[in-house]
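Everything below concerns the one structure shown next.
Counting convention: from 1, in listed order, for ligands and their atoms alike.
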Amino acid sequence: MVTYLEADAAPLRNTGQIRLYDEAGFEGMRKACNLTARCLDELASMVEPGLTTNAIDRFVFEFGMDHGAVPATLNYRGYTKSTCTSINHVVCHGIPDDKPLREGDIVNIDVTYIVDGWHGDSSRMYPVGTIKRAAERLLEVTHDCLMLGIEAVKPGARTGAIGAAIQAYAEGERCSVVRDFCGHGVGLLFHDAPNILHYGSVNEGVEMRPGMIFTIEPMINLGKPHVKVLSDGWTAVTRDRSLSAQYEHTVGVTETGCEIFTLSLAGLDRPGLPPKI
Ligand code: MF3
Ligand code: CO
Ligand code: CO
């Protein structure tokens with residue numbers, strides 16, 4: 001049985017109970033998430049051929065320090081970087097290194113800042129120079145998946161409605177949904193209950209209630225959904241080496257739907273893609 005409780009009444013670890021945050025919590029999340037979005041905005045004009053993912057990592061660390069934020073991934077379960085950078089067939093949790101980005105790459109940059117204890121978790125895809133039409137289509141499909149998932153967030157519906165919307169659209173576009181990673185409750189904790197699956201059906205999952213805060217972060221492949229984790233223990237890649245993409249927002253459930261905390265105020269939610277009409 002799932003239980004829901006006021007966020008500040010719960011111990012500060014993932015107990016499987018679902019925290020319901022109040023207006024002060026939403027305000028804390030707006031601040032943390034907006035800083036994450038501003039960092040991702042800044043990166044839009046920096047990403048180009050020749051830039052290393054370590055340079056991206058350094059920027060994420062320093063932008064955080066300059067604004068009173070700590071990257072949540074630093075020393076998280078043995079991870080030692082400030083961001084994840086996942087290129088081409090890397091699905092997620094790519095580790096920044098000294099290899100330069102190349103013309104035609106697509107790279108996901110995933111940032112989580114902690115501001116006053118609140119975690120703002122978001123990621124976007126960045127085209128490096130000019131990319132192939134198939135890659136651009138994957139980015140568009142994946143961003144549409146994220147936004148369709150967000151549209152399914154309403155009190156009274158189950159979290160399965162999010163996955164159902166994403167899976168139906170992705171598979172209709174002849175893409176596949178990665179099953180091995182999911183969205184998650186977030187707020188005072190980085191990874192909390194409930195899990196948010198990006199596939200499934202409307203009658204699965206837990207009922208959404210006002211005050212819940214979680215991420216939606218679909219990973220969509222051009223080929224098969226299967227992934228493997230490399231020997232570094234982090235880097236997840238598609239088994240068939242097909243291209244993979246991911247966008248992530250942090251959202252809070254309201255009385256009528258949801259609030260997207262990590263929206264770009266600069267209109268850069270889909271950097272490098274033509275504006276949606
Ligand atoms: N930010 C990722 C997420 O969306 C988690 C990264 S954990 C790390 O949940 F350790 F790989 F950095
Ligand atoms: Co996340
Ligand atoms: Co993330």
Work out which heavy atom in G267 is nearest to a heavy atom in S264; give both atom names and the distance. N-OG, 3.2 Å

Salt bridge (Lys or Arg N to Asp or Glu O under 4.0 Å) partners for E23, two or more places apart: R30

Lining ligand 1 at under 4.0 Å, by non-hydrogen atom distance, are residues T73, Y76, Y79, C84, H93, D110, T112, D121, H184, F190, H191, E217, W234, E248

Just checking Y4: does its OH atom have more than 12 heavy atoms from other residues, nucleotides or ligands closer to it than 6.0 angstrom? yes

Would you say the side chains of N54 and T52 form a donor-acceptor pair under 3.5 Å? no

With sequence neighbours left out, what residues match H184 under ring-ring contact (aromatic ring centres under 6.0 Å, His included)? H191

Between D121 and T215: side-chain donor-acceptor atoms closer than 3.5 Å: no

Indicate if M208 and Y199 have the same hydrophobic cluster label, given that clusters are the connected sets of ILVMFWY residues with side-chain heavy-atom separations under 4.5 angstrom. yes

Single-linkage hydrophobic cluster Y113~I109, side-chain heavy atoms < 4.5 angstrom: yes

Do any of the N/O/S atoms of H191, backbone or side chain, fall under 2.8 Å from the Co ion (ligand 2)? no

Would I260 and M147 satisfy side-chain contact (heavy atoms from CB on, under 4.5 Å), going step by step from the backbone distance to the final call? CA-CA 10 Å; I260 309 174; M147 298 317 287; 3.9 Å; yes

Any side-chain donor-acceptor pair under 3.5 Å between N108 and S123? yes

Measuring from the Co ion (ligand 3), count protein N/O/S atoms under 2.8 Å, please. 4

